[in-house]
Amino acid sequence: CLHEHGYICETPLNQDPDLTGGPPKDMPVITGMRVIDCQEMCIVDAPPSCRFVALSYVWGKLRVLLLLKENRHLSEQPKALEREVLPKTVQESILLTRMLGERYLWVDALCIVQDDDSLKIPQITQMDKIYLSAALTIVSAGGDNAHAGLAGLMPNSRENKQDVENIAGIRFVSISSKLPWNLPKMK
C-alpha cells in the first residue's frame with residue numbers, strides 16, 4: 001500500500017489525505033515518545049515521523065519487565081533487550097514487527113517510564129495519538145496476561161478444537177474454543 005499509494009492509505013479517517021502521496025499534513029505530534037528498535041533490540045527515542053507498530057495487550061497480574069528510571073539508560077544500549085526476560089507477548093510482537101518489515105514497536109510497559117510521573121503522565125495523555133499514528137496495532141486479546149503470546153503466530157499456539165453439541169436432534173456448534181457451561185447429554 002505504501003509503495004503503490006504513498007501515505008494515502010495511512011491517513012487516519014478523520015483527516016484528508018494528501019493525494020500527492022506525501023505524509024498527512026495533520027498527523028498528531030507526539031512528544032517524548034520512545035519505541036523499541038527491533039533491529040538493535042533496545043529502546044530509543046522515536047525518530048521524527050518514524051513508522052511504528054503499536055501493541056495493545058493485557059499486562060495481567062504476573063510480573064513484567066517495566067521501563068523504570070533505574071534501568072532506562074541500560075535499556076537504551078544496543079542489544080540490551082536481548083539480555084532481559086521479556087514477556088512472551090512482547091517477544092512475539094517484536095518477531096511479528098520484524099516479519100512485517102517494520103523496525104519500531106511501541107509497547108507501553110517498555111516505552112513509558114513507569115515510575116516517574118513527570119515522564120509517565122505526558123505519555124499516557126498522548127496514547128490516543130500513539131495508537132492513531134501507528135502503521136498498525138497488534139491486539140493480543142487471547143490471554144489474561146503479558147505471557148500469553150500472540151495466538152496463531154507460532155505453530156500450535158492456537159487451539160483448533162470446536163465444540164459440537166446435539167440437543168433435541170439439533171446440532172449446535174460453538175464459535176469459541178470452550179463452551180462457558182457444561183451441557184448435559186440429551187437422549
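Residues Leu150 and Ser140 come closest through the heavy atom pair CD2-CB, 3.6 Å.
Results of the side chain to side chain contact (heavy atoms under 4.5 Å, CB included) test with Ile94 over Val90, Leu96, Thr97 single out Val90 as the only residue that passes. Checking each of Leu95, Ile138, Leu136 against Leu100 for a side chain to side chain contact (heavy atoms under 4.5 Å, CB included) leaves exactly one that passes, namely Leu136.
Contact check for Leu55 versus Thr89: side-chain heavy atoms found under the 4.5 Å cut-off. Glu84 places none of its side-chain heavy atoms less than 4.5 Å from the side chain of Met41. Side chains of Cys38 and Arg98 form a contact here, defined as non-hydrogen atoms less than 4.5 Å apart. In this structure, Ile167 and Phe172 have side chains that are in contact, with non-hydrogen atoms separated by less than 4.5 Å. Residues Asp37 and Tyr104 have side chains in contact (heavy-atom distance under 4.5 Å, counting atoms from C-beta outward). Between Leu132 and Asp128, the closest side-chain pair of non-hydrogen atoms is not below 4.5 Å.
Judged by distance alone, with hydrogens and angles left aside, the side-chain atoms of Asn166 form no donor-acceptor pair with the main-chain N or O of Gly169 at under 3.5 Å. Between the side chain of Gln114 and the backbone N or O of Asp108, at least one donor-acceptor pair lies under 3.5 Å. In this structure, Gln123 contributes its side chain and Thr31 its backbone to a donor-acceptor pair below 3.5 Å. Distance alone, capped at 3.5 Å, places no donor-acceptor pair between the Ser133 side chain and the Ile130 backbone. The main-chain N or O of Cys42 is never found under 3.5 Å from a side-chain atom of Gln77 such that the two would form a donor-acceptor pair.
For Arg171, the CZ atom sits in a loose shell: 12 or fewer heavy atoms of surrounding residues, nucleotides or ligands are nearer than 6.0 Å. Within a 6.0 Å sphere centred on NZ of Lys79, heavy atoms belonging to other residues, nucleotides or ligands number more than 12.
In this structure, Ser56 OG and Trp106 CH2 are separated by 8.5 Å, a value rounded to the nearest 0.5 Å. Taking CG of Leu81 as the reference point, atom OG of Ser75 lies at 6.5 Å (rounded to 0.5 Å). The NZ atom of Lys120 lies 12.5 Å from the OG1 atom of Thr125; values are rounded to the nearest 0.5 Å. Note that OG of Ser93 is 11.5 Å distant from CE of Met99, once rounded to the nearest 0.5 Å.
Between Glu76 and Arg72, at least one side-chain N (NZ, or NE/NH1/NH2) sits under 4.0 Å from a carboxylate O, which counts as a salt bridge.
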Met33 vs Lys129, test: side-chain contact (heavy atoms from CB on, under 4.5 Å). Steps then yes/no.
CA-CA 11 Å; Met33 186 171 95; Lys129 295 176 184 176; over 6 Å; no

Would Tyr57 and Asn145 count as a side chain to side chain donor-acceptor pair (under 3.5 Å) here? Give the steps.
CA-CA 8 Å; Tyr57 67 113; Asn145 63 59; over 6 Å; no

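Ile112 and Leu105 fall into different hydrophobic clusters, where Ile, Leu, Val, Met, Phe, Trp and Tyr side chains are chained together by heavy-atom contacts under 4.5 Å. In terms of hydrophobic clustering, with Ile, Leu, Val, Met, Phe, Trp and Tyr side chains grouped at heavy-atom distances under 4.5 Å, Ile43 and Ile124 are assigned to different clusters. Both Ile36 and Trp59 are assigned to one and the same hydrophobic cluster, defined by single-linkage of ILVMFWY side chains at heavy-atom distances under 4.5 Å. By the rule that hydrophobic residues join a cluster once side-chain heavy atoms approach within less than 4.5 Å of another member, Val35 and Leu119 end up as members of separate clusters. Side-chain heavy atoms closer than 4.5 Å link hydrophobic residues (I, L, V, M, F, W, Y) into clusters, and following such links, possibly through other members, connects Val53 to Leu153.
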Show me, pair by pair, the donor-acceptor contacts under 3.5 angstrom made by side chains of residues 62-71, not counting sequence neighbours?
residue: Asn71; atom: OD1; partner: Leu68; partner atom: N; Å: 2.6
residue: Asn71; atom: ND2; partner: Leu66; partner atom: O; Å: 2.9

